[in-house]
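No hydrogens, no waters, no symmetry mates; every other heavy atom, side chains included, goes into these values. Numbered from 1 within each chain, the chains take letters A, B, ... in sequence-line order. These numbers were taken from a predicted model, which means no experiment stands behind them.
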Amino acid sequence: MLRNATCGELTLSDVGKKVTLAGWCQKLRNLGSLVFMDLRDRYGITQVNIAPELYEKVKVKSEYCLQVIGEVVARSEPNPHLPTGKIEIVAEEINIFSKSKVPPFIIADETDALEDTRLKTRYLDLRRPVMQKNLEIRARLLKASRDYLEALNFLEIDTPTLIKSTPEGARDYLVPSRTKPGKFFALPQSPQIFKQLLMIGGFDRYYQIARCYRDEDLRADRQPEFSQIDCEMSFVSREDVLQVIEGLVSNMFEKVIGYKLPKFERISFKDAISLYGSDKPDMRFGMLIQDVTDILTKGEFKAFEGKRVKAIVVPGYADKCSRKVQSKDIDLAKKYKTHGVSFFKVVGGNVTGSLSKFYEQSQLNLLLARLDLKDNDLVIVGADENEDKMNVALGALRLKYGRELGLMNPDVFAPCFVIDWPIFGEEDGKIVSLSNPFTRPRDEDLKYLDSDPTKVLSYAYDTVINGSELSSGSLRIHDGKLQQKIFELLGLSDDEIKNRFGFFVDAFNYGTPPHGGFALGVERLTMLMAKTENVRDVVAFPKNLSAVDTMCEAPSSVPKENLDILGIQIKEND
RNA sequence: GGAUCAGUGGUGUAGCGGUUAACAUGCCUCCCUGUCACGGAGGAGAUCGUGGGUUCGAUCCCCAUCUGAUCCGCCA
């Protein structure tokens, strides 16, 4: 037996027991004729009292992996900050399993190393309690989701990860085929098509913890490979699916972090954009975007003419809003391809600011009343021909100030469903898909399919908590004719449809049940529960922003012979 | 594809035309019987990301390049 207790469990009631612990030497405190060692494992830290003679013999150092045999004793001076702080082990024997080089950074929650450094020796970084806690949250929420879904009769079925490339949406990761040189598999961006085929195959409730791959640029919350709790159900209404999502997510929060989520709000896509300036609204705080077009286009200020004018109010911020701050905000708004924003301040009950001179007092009073302005409030105003662009820009500013004013409390979770998404958008006069092409249009909107497709809303739904898109899903089309029609509206020719989705379209001719589902982002969920804004904190071995694993140095070159077998030649750099 | 910020001992930072390149921490040696961010004394450790330029002189200014972070585009 290499150990019979962990470093996190011993208490005063264990005093007198002889125990064997195993772990890593976290810290040594050598007082001369008395040496203390903090021994660390996954469960905690236990102090070991080592006699100088024993210490001389074993010569323990930082991060040595070792075993301690000794008696549990009560400490004469307990440490109230440590769960095991009332006891220590008097070492009788120390066996070193293996030595360690001096680690490149301090292995503790409060490490001062930058992430880049930590990633190069991730296995050391993973020893840090906070990383172990994060990965434990991840494991526990997966377990909770399995338990919940299994109880509802969902069947776990895995789907292939070497699949047909169907260029649409995200860029595929490609895998060359050896048996068919010159041809490629793609790694799945999601199991979408397969889970729908499972519905046709009669598995009315399917789920899977699915690995997904997207070869797109990364972000702090985006990795090229990630996991989804993927579900699909047959013979369901939108309401049925939303119930499952709400139940599942609430159950996970309760089981994993003991948080009771409130009932999920519902908001239409349209309202989310116009009130929050985002399709993933953070509902922990207000500061909603308001329409002031009728008031502010009536003045002498020509630049607002013919545009939609929208505003947010930052309470009590007028005196903090220097010229520098303003110019930063203008730049932020311009990032979203707007003309920028302007500022009003409320001073002594009056609306002031460089634009105020363009307006009559009566109009400014209207503004005071409409926005319910108080002294020292800051009003950020933007105008644009394209209302949604300005909404999105103001939405970004809303988040900036929400953060700054401490309104985004990480201990509070505000869930909502964003529903009624449009199916089509317009880009350069062309109809483009805004969702996946299998999303089912609302029955009441089918009549617009020919006349004005952009008016057609769908049975799609996103789950959003604290501004993070946790899941997205929809009812799917189950009628072959309607599916064909959607493909046509997207400008796909019969040949293209046949090439990309032929097998899928064929399947629809054999009795497709009405179905729908969703996919929950595992990393996003874990990030919320672990209260981190960085995906890499909840992935054991992540890629950096260039999609590189700096520890393994992947991707890498491969020998020419391997390429020859695949019929691949690398183009020389020009 | 674009924007911004940052690369200085192992680690994290300071310095921003002339410095013995500073501080903290880690590491090594010695002292220390109750530490838990132990304490004390001493020591080693840096071609200041790379290449070019400006200058009498560059870690510092300029250009290029590489690397990292964050955002926009992108992510059906």
Given the [atom1] atoms of [N] and [M], what is the spacing between them in whole Å?
{"N": "B:C60", "M": "B:A6", "atom1": "P", "value": "14 Å"}
{"N": "B:U19", "M": "B:A24", "atom1": "P", "value": "22 Å"}
{"N": "B:G68", "M": "B:U8", "atom1": "C1'", "value": "16 Å"}
{"N": "B:G40", "M": "B:U25", "atom1": "P", "value": "9 Å"}
{"N": "B:G43", "M": "B:C23", "atom1": "P", "value": "12 Å"}

Q. What residues form a ring-ring contact (aromatic ring centres under 6.0 Å, His included) with A:Phe508, not counting sequence neighbours?
A. A:Phe504

Q) Who pairs with A:Trp24 by ring-ring contact (aromatic ring centres under 6.0 Å, His included), at least two apart in sequence or on another chain? A) none

Restricting to nitrogen or oxygen on both sides, can you table the protein-nucleotides 1-3 of chain B pairs closer than 3.5 Å?
{"residue": "B:G1", "atom": "O6", "partner": "A:Asp217", "partner atom": "OD2", "Å": "3.4"}

Q) Residues from residues 386-399 of chain A sitting under 4.0 Å of RNA chain B, heavy atoms only? A) none

Q) Excluding sequence neighbours, so at least two apart, what forms side-chain hydrogen bond (donor to acceptor under 3.5 Å, both in side chains) with A:Tyr448? A) none

Q.
The criterion is side-chain hydrogen bond (donor to acceptor under 3.5 Å, both in side chains); which residues satisfy it with A:Glu404, sequence neighbours excluded?
A. A:Tyr317

**Q.** Summary of protein contacts for nucleotides 30-46 of chain B, nucleotide by nucleotide, where a base hit scores B, a sugar-phosphate-only hit scores S (4.0 Å, heavy atoms)
**A.** --BBBBB-B--------

Q.
Can you see if the side chain of A:Thr117 gets near the phosphate of B:G12 - specifically, an N or O under 4.0 Å from OP1 or OP2?
A. yes

Q) Does A:Lys328 place a side-chain N or O at less than 4.0 Å from the phosphate oxygens OP1/OP2 of B:U4? A) no

Applying side chain to side chain contact (heavy atoms under 4.5 Å, CB included), can you list everything that pairs with [X], at least two apart in sequence or on another chain?
{"X": "A:Asn534", "answer": "A:Glu115, A:Thr532, A:Arg536, A:Asp537"}
{"X": "A:Val130", "answer": "A:Asp109, A:Arg128, A:Asn134"}
{"X": "A:Ser342", "answer": "A:Phe304, A:Leu355"}
{"X": "A:Ser493", "answer": "A:Asp495, A:Glu496"}

Q: Could you check which of B:A69, B:U25, B:C28 has an atom nearest any side-chain atom of A:Asn544?
A: B:A69

**Q.** Candidate nucleotides B:C71, B:G12, B:G10, ranked by approach to the side chain of A:Leu114 - the nearest
**A.** B:G12

(Q) For a quick check, tell me whether the side chain of A:Arg222 and the base of B:C75 share a donor-acceptor pair closer than 3.5 Å. (A) yes

**Q.** Contact list for residues 479-500 of chain A, test ring pair (Phe, Tyr, Trp, His ring centres under 6.0 Å), sequence neighbours left out
**A.** A:Phe487-A:Phe501

